[in-house]
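Proteins get letters first, then strands, A, B, ... in listed order; numbering begins at 1 in each.
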Number of protein chains: 2
Amino acid sequence: MSEISRNAGSGGASSGRIGIGLELDATHLKILEVLRENGRISVSALAERVGISRASAYTRFEALRADGAIKRFTAEIDHVRTGLGITALIFVTVRQQMWKQFRAELARMPEVEYCAITTGQHDAMILVRMADVAEVHAMVTDRLAGIPAVKATETVFILDEVLKRPYVLPSDRGKPRSARRGAQETQGDVPLGKMRFVGAAEGRAALRKDE
Amino acid sequence: MSEISRNAGSGGASSGRIGIGLELDATHLKILEVLRENGRISVSALAERVGISRASAYTRFEALRADGAIKRFTAEIDHVRTGLGITALIFVTVRQQMWKQFRAELARMPEVEYCAITTGQHDAMILVRMADVAEVHAMVTDRLAGIPAVKATETVFILDEVLKRPYVLPSDRGKPRSARRGAQETQGDVPLGKMRFVGAAEGRAALRKDE
DNA sequence: GTTGAAATTAGTACGAA
DNA sequence: TTCGTACTAATTTCAAC
């Protein structure tokens, strides 16, 4: 089998691991589909829904876990119920050569749910959950601004989370049989489709695999 | 596993439900802490780790699910393994009075993992997982640009996902016992702490609860 | 809210196709 | 590989305290 070399910029899932462990077939994907909706389903019930025997289900389930295709099982909660109903995005411009420090500081921020390094105008995007807007403000001005590695920030509030899937799968495609609308390639608005590849990217390589 | 363990596609991603069902105490939060790391743990083992009896664990577990504090259980996967190792953020400017249509189109895009309505320069942020950058480009130019409701887009690629927690909890705070660095409130850079509240927000209310 | 029992189910280890 | 079965261990449920 030929080695599938994911190109360097393929950042995605944060795991620096190279090398394909196992080839995922249609059955594997079906298992992941079921597990996405019900992560606590028993392997027996999983086998039934996928259409394989119990023994096979155990084998494949274990293989997916051992291979790392399934990282872990978790829950999804209602943040309003837990009192952290305010969600904000903080776009951060990181001072060059200080990525390691920035990353270290991130580990000390439990209210950060997600952080990604991006191309474009800013260097990183942080998603935080807070009790109120004042806490967001405090976070940005007191915590983030105090980090030397942080050059600038821009905060945006999330008004509504329209869609939140645990993950997407290749098998999801082809589902929406709804018609593609008739070729409206011509657009009147100018800034449509603007893509940002450039930006302060020199120091970004320093961030990869420091842990 | 029996009834309490199974969760169908019950909980919606963004339920606009108001009203607190049950008051979450420290024990509830501890349960959520354990479940965040291991969503498939047995209730018996959960009881042990939380420090309560089995019966109490079952009761509280059930209550959290019934109340909606726990929306569902799911898995976390490695997108590189599934062939969708390219992640991109697409910031969308939505034409006013066309939010409903925009939302309808979103439902037809299985490659969209997350979509949030935001304040600021853009109106929405979409996170997509793709096989390669060409697919991202195709998605933006062919699919999104074809939607009348979409006025403009701006695409940014995710180079690395530094941090990804299933969720954050109020009990997470106070954890980082690492010292707060000595009060560096003075900053030389100007744009620090810029917050965006304004923007085209008139039509946003129309998006809430249409389904 | 807690313990301790029984009943059910899950997980494992073999064969055989 | 996958399937089917038997065996072992664990969990869930339900009872009483």
Looking at the side chain of B:Ser42, which of C:dG11, D:dT12, C:dA13 is the nearest nucleotide? D:dT12
What is the distance from CZ of A:Arg40 to P of C:dT9, rounded to the nearest Å? 17 Å
Integer-rounded Å distance: D:dT11 P and B:Asn38 CG: 12 Å
Distance only, no hydrogens: is a donor on one side chain within 3.5 Å (strictly under) of an acceptor on the other, for B:Glu33 and B:Ser171? yes
Between the base of C:dG11 and the side chain of A:Arg54, is there any donor-acceptor pair under 3.5 Å? yes
What integer distance in Å separates B:Ile41:CD1 from D:dA10:P? 15 Å
Write down the distance between CD (A:Glu23) and C1' (D:dT1), rounded to a whole number of angstrom. 16 Å
Counting the atoms with a prime plus P, OP1 and OP2 as sugar-phosphate, which does A:Ser44 contact under 4.0 Å by heavy atoms, base, sugar-phosphate, or nothing? sugar-phosphate
Minimum-distance nucleotide to A:Ser56 side chain [options: D:dC3, C:dT3, D:dT12]: D:dC3
For A:Arg60, the option from A:His28, A:Lys30, A:Arg65 that meets side chain to side chain contact (heavy atoms under 4.5 Å, CB included): A:His28
Of all the nucleotides listed (C:dT2, D:dT12, C:dA13), which has the minimum atom distance to the side chain of A:Ala55? C:dA13
What pair of heavy atoms forms the shortest contact from A:Gly68 to B:Asp78, and how long is it? O-CB, 3.4 Å
Would you call the rings of B:Tyr167 and A:His79 parallel, tilted or perpendicular, where under 30° means parallel and over 60° means perpendicular? perpendicular
Whole-Å distance, A:Glu62 CD to C:dA13 P, equals 11 Å
Between C:dG4 (P) and B:Tyr58 (OH): distance, integer Å: 17 Å
Rounding to a whole Å, what distance do you find between A:Leu46:CG and C:dT9:P? 18 Å
According to a strict under-4.0 Å criterion, is A:Arg60 in side-chain N/O contact with OP1 or OP2 of D:dT2? yes
